[in-house]
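The structure is given below, and queries will be raised subsequently.
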Amino acid sequence: MRDPVCSTPLIAPMELVEREQALAALISGLASAADGEGRVALLAGEAGIGKSSLASRFAAAHRDTADVLWGACDALFTPRPLGPLRDIALHMQGALLSALEADRDRHHLFSLFLRGLRERKRPAIVIFEDVHWADEATLDLIKFLGRRIAAVRALVILTYRDDELDPRHPLRSVLGDLPPETTLRIPLQPLSEQSVMSLARNAGRTNEAARLHAATGGNPFYVTEVLANEGAGVPATVRDAVLARTARLSPSARETLDVASLSPGGIEPWIVEACTGCGAAGLDECVSRGMLRLVRGNYVFRHELARLAVLDALSPLRRRELHRAVLQALRSRPASPEMLARLVHHAEAADDHEAILEYAPAAGHHAASMGAHREAVAHFAGALRYADAIPPRDRALLLAAHAHESYATGDMESSISARRRAAKIWRELGEPLMEGDNLCRMMGSLISAGRDREAEEVSRAALEILEPLAPGPQLAFAYRTQAAQRMLQRDYAQALEWGEKAVAMAERFNDQETLVSAYNIFGCSLIQSDEERGCEYLEKSLALALDGGQQHLVFMAYANAGSACGEYYRFELADRYLAPGIAYTTERDYDHGRLYMMSLQALSHLYQGRWNAAADTALAVLDAPGRTSISHMATLVALGRLRTRRGDPGAMEALDKALELAEPTGSLQRIGPVRAARAEAAWLAGDAATTISEARAAYPLALAKSHPWFIGELA
Ligand SMILES: Nc1ncnc2c1ncn2[C@@H]1O[C@H](COP(=O)(O)OP(=O)(O)O)[C@@H](O)[C@H]1O
Ligand SMILES: [Mg+2]
C-alpha cells in the first residue's frame, strides 16, 4: 500500500458556518467506529449545500487518528461501474486493485474491501461522494457495507442530493434498507439569514447582505460564488453567478474551461492540451482564479454546478465539436476498461454513432462483469439505437446481451422482447442453433413473470428446431429446458425422461450447468416416490453447483430442493435446504433468491406449528422491496393460512391477492397451494359450497398431474 491515508480532494476552504451539529454527529459516529461499532452517515442536501465541504473538513480534522478512504460517483450519462471503489483501490494499490483489474466477482471484491477495513490498525473514514449517481454495483457495495458495518471499525459517509431522488430512484431502497441502529441521518439545511449576513460582512459586502440571502435561499455555494466576484452585484441565478466569474478569464483559460466542462469526473491535462493547444498556462490561470482544482493529477471544477453552468453556456454546435475533440484525444490511447464509460459519454454527446457502436457494447460487457447490470443495460440499449447499421448477427448478439442484463435487473418484459427479436434475426439468418438457444433462454424470464404458458411454447419451439439437427450443447440445453418445464409443471415422469436425455447430452459435451440442473430436476421429481434417491440427486446437484461457484445455480439447487420437499410435506427435509440456502444468499446479498426461500420457509414454519416464526418470516418478505411475484404468492398463502387458523383478520385479503397473482401462471405449483388454502378458509368458516368450489378449481389440474398431495388435500 502506497499511503494509508487517501486524501479527500477538497481542502475545506473557510470556516464552515452552522455545521456544528452535523460535525458533532460525525464525530460521535467516528467514536463508535473506533470502539468497533461502525456507522453509516448519510449526508444529504441539495447541490451546493455543503456536503463535500463538511465531509472533507471532518476528514481533514481526523486524519491523524483515522485512515481516510475517498471515492466519488460521477455524472457521466452512464456512470463507471464501481467508480468509488476504483478511486480507493487506485490510491491504495495492492490486492483490491489487482482484483478489480482482474474483474473478480463482486462478492470477492466486496469481501476483500471489508477485510481491508477490518485489518486496519486505525479506524477508517470511508467517503463515497454523490451516491445519487451511483452505479448498481456501487449501490450493492453500500448495501453490503451497511449490513455489516456494526462489526467494522469504520465510519462510512455517503453524500447525496436528496432533492434529486424521484420515488423510483434505486438509491432510495438501498438507503431504506440500511439498519437504523447503525445509520446516522444528517440532513444539511440552507444557511440562515444571519449567517449569510455575517459572510457578506466578512467579505466587505454588507450592503448586499439582505438581497444575498433572498436571492440565494441560503445555498452556500451560491453565496460564496457571489461573494467571490466583487462588483457583479447579486446575479439572479447560480448560473449567472458562475458565469460572472468566468468573464474576466483570458481567451486561452476560457477555452480550457470549456473543454474541462465536458468531463464530469475531471480532465487530464494532456487531453486539454490536445484539444486546445493552449498548454499549461490556461490551466494555471483557471486554478489561480479558483475555477478548477488539481485532484490526483486531474483538473476538476470546484463544483459540479460550476461545471454545468459553463457547459450550458456552450452552443450545441460548439459542444458537439469539443466532445469530438475530446473523444479523438481519448481514442489516441489504448482504451482501458475503466475508460469505456467515458468514451461512451463523449461518443454520445458528439453524436458519433460509429464510436458508440465501437465502445458501448464493450462498456456494457465490462459493467456486466462488475455486476453493474443497470449500467450494462443502458450501454447495450445505447448501442442498439444505432444497430441498424451493423451486420444482423452483431445486432442479435447485442440483443441477447441486452436481454441477459435486463433479466439481471429484474426487467423481465424487456428481457423477453429482446430475446424474441434476437431469435427472429437468427431465424432470418438461417441459424437454427442460435435461434433455439435464444428461445431456451427466454424460459427463466417467462417463468419469473408468471407467463408459464409462453414458457411452454418457447421450450417446445426450441426442441422442434434443434432436435432434427446434430447433437450439441444447444440440444442439451433444450432438453434441460424441457425437463425443467415438465418439473415445474409437476409432470414428473416426463421430467425424468427429458432429464435423462439432457444428462446424456451434457456429459458428451461436458456441460456443467446442464448437469447441475438435470440432477436437480431428477431429485425434485423423485423425492415423493423414492426419497432416498431423490435426496441423493439433490445433494449431487448442490455439491456440483457449490463447486462451480455460480450463484444462480447454487440458489436454484437450494431453492428447488426446499420447494420440492415442502410440497410433499417433508418440512424437516425442506428446512435442511432452506436454512443453508438462506444463509448462502444472505451472505451474498442475493436478495430475490433469499426472499423466495424465506417465503417457502414461512410455509414450512406454519405447517410445523411455529406460528410466530411463520408470521415474522412472512411479514419480512412482504416488507422487502426485492421480492418477485412467486415469492409474493407463497408468502401470501402462508399468511392467509396463518390468519385463517388463528382467526385473525385479513386472511381473505391475502388469499385473494395470492389468487390474483397465481391464476395467470396456469401452474399447479402456484395455483394448488392457493386454492387449498382458500378451501381450508371456507371450510373453517363453515361454508361448504365455497370449500367445494375452491377445491374443484384446482383439483382437475392436480389430478392431471397425478400429484398425490394436492389431490389429497383438495379431494
Ligand atoms: N457551512 C458552510 N459555510 C460556509 N461556506 C460553505 C459552507 N458549506 C459549503 N460552503 C461553500 O459552498 C461551496 C459548495 O459546497 P460543497 O460542499 O461543495 O456542496 P455540495 O457538496 O453539497 O454540493 C463550498 O465550496 C464552500 O465554499
Ligand atoms: Mg459535493
Side-chain angles (χ1 to χ4, degrees), residues 7-26 41-61 68 70-75 79 83-84 87 127-134 157-165 171 185-203 205 209 212-213 215-230 234-235 237-239 241-242 245 264-266 286-287 289-295 298 300-309:
S7 61
T8 64
L10 281 175
I11 299 136
M14 54 171 88
E15 223 23 72
L16 298 181
V17 299
E18 290 185 30
R19 294 294 178 248
E20 294 76 12
Q21 264 189 340
L23 269 173
L26 289 176
L42 307 181
L43 269 190
E46 65 188 38
I49 201 73
K51 305 176 292 292
S52 303
S53 307
L54 183 67
S56 54
R57 162 61 50 112
F58 171 74
V68 180
W70 179 90
C73 302
D74 52 51
D87 289 343
I127 302 174
F128 288 174
E129 277 260 51
D130 295 321
V131 294
H132 49 277
W133 290 319
I157 301 177
L158 308 176
T159 73
Y160 64 98
R161 300 180 185 170
D162 53 353
D163 60 327
E164 287 180 23
L165 303 184
L171 179 62
R185 293 181 180 267
I186 311 179
L188 295 185
Q189 306 299 336
L191 303 181
S192 66
E193 188 163 359
Q194 216 175 0
S195 292
V196 174
M197 291 254 211
S198 84
L199 288 174
R201 218 175 300 122
N202 293 348
R205 310 261 297 262
L212 187 57
H213 184 261
T216 60
N219 180 293
F221 172 75
Y222 196 168
V223 172
T224 47
E225 211 57 6
V226 176
L227 294 178
N229 200 24
E230 229 170 302
V234 181
T237 64
V238 182
R239 193 164 164 261
V242 171
R245 282 184 72 178
C286 289
V287 172
R289 292 293 187 93
M291 301 304 298
L292 296 179
R293 289 177 293 112
L294 186 58
V295 177
N298 281 5
V300 188
F301 270 79
R302 76 184 170 286
H303 198 279
E304 175 70 6
L305 290 174
R307 182 184 79 83
L308 287 180

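First listed ligand is number 1; within each ligand, the first listed atom is number 1.
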Interfacing atoms of ligand 1 (cut-off 4.0 Å, heavy-atom, Ala47):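 So the atoms of ligand 1 that pass are 23 (O).
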Glu304, His303, Arg19: member with heavy atom nearest to atom 23 (O) of ligand 1: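 Comparing heavy atoms across Glu304, His303, Arg19, the nearest one to atom 23 (O) of ligand 1 lies in His303.
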Ligand 1 to Leu199 polar contact by distance, N or O atoms, under 3.5 Å: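 The answer is no, given that Leu199 and ligand 1 share no N or O pair closer than 3.5 Å.
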Donor-acceptor contact present, side-chain Tyr160 to main-chain Leu42, <3.5 Å: no
Smallest separation among heavy atoms of Glu304 and Ala75, with atom names: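 So the two residues come closest at OE2-CB, 3.7 Å.
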2.8 Å cut-off met by an N, O or S atom of Ser52 to the Mg ion (ligand 2):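 True for Ser52.
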Sub-3.5 Å N/O-N/O distance, Leu191 and ligand 1: no
Test side chain to side chain donor-acceptor pair (under 3.5 Å) applied to Asn229 - qualifying residues, sequence neighbours left out: Arg248
Gap separating the CH2 atom of Trp70 from the CD1 atom of Ile127, nearest 0.5 angstrom: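 With rounding to 0.5 Å, CH2 (Trp70) is 9.0 Å from CD1 (Ile127).
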Euclidean distance, Thr216 OG1 relative to Leu227 CG, rounded to 0.5 Å: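 With rounding to 0.5 Å, CG (Leu227) is 9.0 Å from OG1 (Thr216).
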Polar contact flag for Leu54 and ligand 1 (N/O pairs, less than 3.5 Å):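 Such a contact does not occur with ligand 1.
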Beyond-backbone contact of Glu129 with Ser52, side-chain heavy atoms, under 4.5 angstrom: yes
For Ala306, all residues meeting side chain to side chain contact (heavy atoms under 4.5 Å, CB included), sequence neighbours excluded: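 In terms of side chain to side chain contact (heavy atoms under 4.5 Å, CB included), with neighbours along the sequence ignored, Ala306 is linked to Phe221, Val242, Phe301, Arg302.
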Thr224 neighbourhood, listing ligand 1 atoms whose heavy-atom distance to it stays under 4.0 Å: 11 (C), 12 (O), 27 (O)
Within-cut-off N or O pair, Gly50 and ligand 1, under 3.5 Å: yes
Atoms of ligand 1, numbered as shown, that sit under 4.0 Å from any heavy atom of Lys51: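 Here the atoms of ligand 1 in question are 17 (O), 19 (O), 20 (P), 21 (O), 22 (O), 23 (O).
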